[in-house]
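These numbers come from the heavy atoms of this one structure, side chains and all, not from hydrogens, waters or symmetry mates. Numbering of residues begins at 1 and proceeds along the displayed sequence.
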Amino acid sequence: MKLHFPALGQFTLRRSPLWIAFFGSDDFSVASLAKLTQYQSTTTHHTPSPIESIHVITRSIKPTGRNMKAMVDLPIGKYAASQGIPVLRADTATEILDVLSQHQFNLVVAVSYGRLIPAQFIAQCRYGGLNVHPSLLPTYAGSSPLQYALLNDDASTGCTVQTLHPTKFDHGDVLLQSGEIPISGSDNLASLFDKFGEIGGDLLVRTIDQGLFVDPKPVVNDYQVEITGFVGQLSARQIKRVWDALGPVFTFINVNLVRKRKPYWGSKE
């Protein structure tokens with residue numbers, strides 16, 4: 001896939017090196033990391049990349065599956081290992097701060113990490129932190145923005161890059177946002193994660209390339225926080241969107257088993 005980056009920003013032209021601590025977990029965060037590493041590799045003699053190093057911080061590998069015997073890494077850990085990116089493990093605030101004591105960072109990037117980055121960690125990084133969030137903040141702040149967009153049958157949503165707030169999720173300054181991206185009738189959670197993973201990664205690269213985090217100037221918009229109320233009855237369309245957002249949690253779940261020494265993949269009550 002060919003990348004199209006914007007014109008070099010002031011931050012790139014100053015050639016200030018970035019030592020990035022990238023916090024992530026799932027495939028959505030993998031998309032942003034992939035964009036960063038591709039951007040890092042676009043160094044030329046006249047236009048060096050400002051990124052000197054990236055370390056991935058993610059949670060420890062834990063047993064999973066039947067009898068808790070399988071050890072499966074998170075998607076971000078698998079991707080980082082495949083690209084030769086150092087992977088550090090941290091499950092608690094104390095362990096995250098231990099990482100900071102052993103490595104030098106000046107920018108935090110958190111994408112779908114699932115927990116707050118300690119305020120002390122952010123404060124000790126010269127440029128603070130950035131977060132990629134798949135909604136047009138302040139609309140759908142929180143952990144399930146794409147699920148809510150589907151459940152509410154929204155015609156569109158978007159993506160935001162914000163600064164990291166030291167004590168609250170999604171209360172940072174909005175630095176860059178996409179336009180309103182249509183949600184089609186055929187979209188589900190998986191397709192939206194793929195779509196907005198790519199969009200969010202591009203926005204993150206633009207934010208870094210243009211140095212928007214150096215002297216943050218918050219974007220002002222007219223988007224409002226929406227509160228989802230109780231839904232008494234669901235139309236056929238709403239039922240479809242529940243399926244799209246949550247999968248078969250109310251009827252069947254997909255299983256991946258071995259029956260009589262033969263793999264089995266399908267639905268099971």
Side-chain angles (χ1 to χ4, degrees), residues 1-4 22-38 58 74-79 109-115 130-162 164 169-170 172 174-207 219 221-229 231 234-254 256 267:
M1 177 177 59
K2 185 177 181 180
L3 296 179
H4 298 280
F22 188 101
F23 290 81
S25 60
D26 59 13
D27 288 320
F28 184 77
S29 55
V30 168
S32 285
L33 180 60
K35 294 285 186 177
L36 277 187
T37 55
Q38 290 176 56
T58 191
L74 293 168
I76 195 74
K78 292 180 181 178
Y79 177 81
V109 175
V111 185
S112 194
Y113 180 59
R115 65 180 305 124
L130 298 173
N131 168 251
V132 178
H133 186 80
S135 81
L136 293 169
L137 290 171
T139 301
Y140 296 152
S143 61
S144 305
L146 293 178
Q147 289 90 331
Y148 272 100
L150 286 169
L151 287 169
N152 289 337
D153 199 18
D154 291 346
S156 63
T157 188
C159 206
T160 299
V161 174
Q162 62 177 328
L164 282 177
F169 285 113
D170 302 332
V174 173
L175 300 182
L176 189 63
Q177 290 185 305
S178 69
E180 296 184 3
I181 310 298
I183 300 175
S184 71
S186 61
D187 273 322
N188 57 26
L189 190 59
S191 67
L192 291 185
F193 265 105
D194 289 343
K195 181 186 302 184
F196 287 99
E198 291 289 309
I199 293 170
D202 286 336
L203 290 176
L204 178 61
V205 167
R206 284 180 57 192
T207 300
V219 171
N221 60 46
D222 296 325
Y223 298 121
Q224 302 296 316
V225 176
E226 296 183 25
I227 300 174
T228 304
V231 180
L234 297 178
S235 66
R237 174 79 176 190
Q238 289 170 320
I239 291 172
K240 179 182 183 302
R241 279 312 194 195
V242 170
W243 175 277
D244 291 338
L246 303 179
V249 295
F250 298 112
T251 53
F252 295 87
I253 59 173
N254 288 324
N256 191 356
S267 296

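- Between Gly142 and Asp170, the shortest heavy-atom contact is N-OD2, 2.6 Å.
- Although no hydrogens or angles enter the test, the distance criterion places no donor-acceptor pair under 3.5 Å between the side chain of Thr157 and the main chain of Ser135.
- Formation of a donor-acceptor pair under 3.5 Å by the Thr58 side chain with backbone atoms of Ser25 is not found in this model.
- Taking 4.5 Å as the limit, some side-chain heavy atom of Asn221 sits within range of a side-chain heavy atom of Pro138.
- When atom types are taken as modelled, the side chain of Gln147 and the backbone of Leu189 share no donor-acceptor pair closer than 3.5 angstrom.
- Of all the heavy atoms in Ser178 and Ile199, the pair that sits closest is CB-CG2, 4.1 Å.
- Panel note: side chain Thr139, backbone Gln224; a donor-acceptor pair is recorded below 3.5 Å.
- When each of Ile76, Val109, Val111 is tested with Leu33 by the rule side chain to side chain contact (heavy atoms under 4.5 Å, CB included), just one qualifies, namely Ile76.
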Assess the residue pair His133 and Phe169 against the criterion (side chain to side chain contact (heavy atoms under 4.5 Å, CB included)); give the C-alpha distance rounded to whole Å, side-chain angles, the decisive distance to 0.1 Å, and a yes or no.
CA-CA 10 Å; His133 186 80; Phe169 285 113; over 6 Å; no

Using side chain to side chain contact (heavy atoms under 4.5 Å, CB included), reason through Leu176 and Arg206 one step at a time and then give a plain yes or no.
CA-CA 9 Å; Leu176 189 63; Arg206 284 180 57 192; 3.8 Å; yes

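- A distance-only check finds no donor-acceptor pair linking the side chain of Asn131 to the backbone of Gln162 [under 3.5 Å].
- Atom CG of Leu203 is separated from atom OG1 of Thr160 by 8.0 Å, given to the nearest 0.5 angstrom.
- Under the salt bridge (Lys or Arg N to Asp or Glu O under 4.0 Å) criterion, Asp194 pairs with no residue at all, not counting sequence neighbours.
- The OG atom of Ser156 lies 8.0 Å from the CD1 atom of Ile181; values are rounded to the nearest 0.5 Å.
- Within the 3.5 Å criterion, the main-chain N or O of Ser29 finds no donor-acceptor partner in the side chain of Ser32.
- Side-chain contact between Val132 and Phe28 is present, with heavy atoms from C-beta onward closer than 4.5 Å.
- Side chains of Lys195 and Asp187 form a contact here, defined as non-hydrogen atoms less than 4.5 Å apart.
- The CG atom of Asp244 lies 12.5 Å from the CG atom of Leu146; values are rounded to the nearest 0.5 Å.
- The two residues Pro134 and Cys159 have their closest heavy-atom pair at CA-SG, 3.9 Å.
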Side chain to side chain contact (heavy atoms under 4.5 Å, CB included) for Tyr140 and Asn152? Distances and angles first, verdict last.
CA-CA 11 Å; Tyr140 296 152; Asn152 289 337; 2.8 Å; yes

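- For Phe22, the ring-ring contact (aromatic ring centres under 6.0 Å, His included) test picks out no residue, with sequence neighbours left out.
- Listed by chain and residue number, nothing satisfies the salt bridge (Lys or Arg N to Asp or Glu O under 4.0 Å) test with Asp27 (two or more places apart in sequence, or in another chain).
- Residues Leu151 and Ala245 approach most closely at CG-CB, 4.0 Å, considering heavy atoms.
- When all heavy atoms of Pro145 and Ser143 are compared, the closest pair comes out as CD-C, 3.4 Å.
- Shown here for Asn188 and Leu150, the closest heavy-atom pair between the two residues is C-CD1, 3.8 Å.
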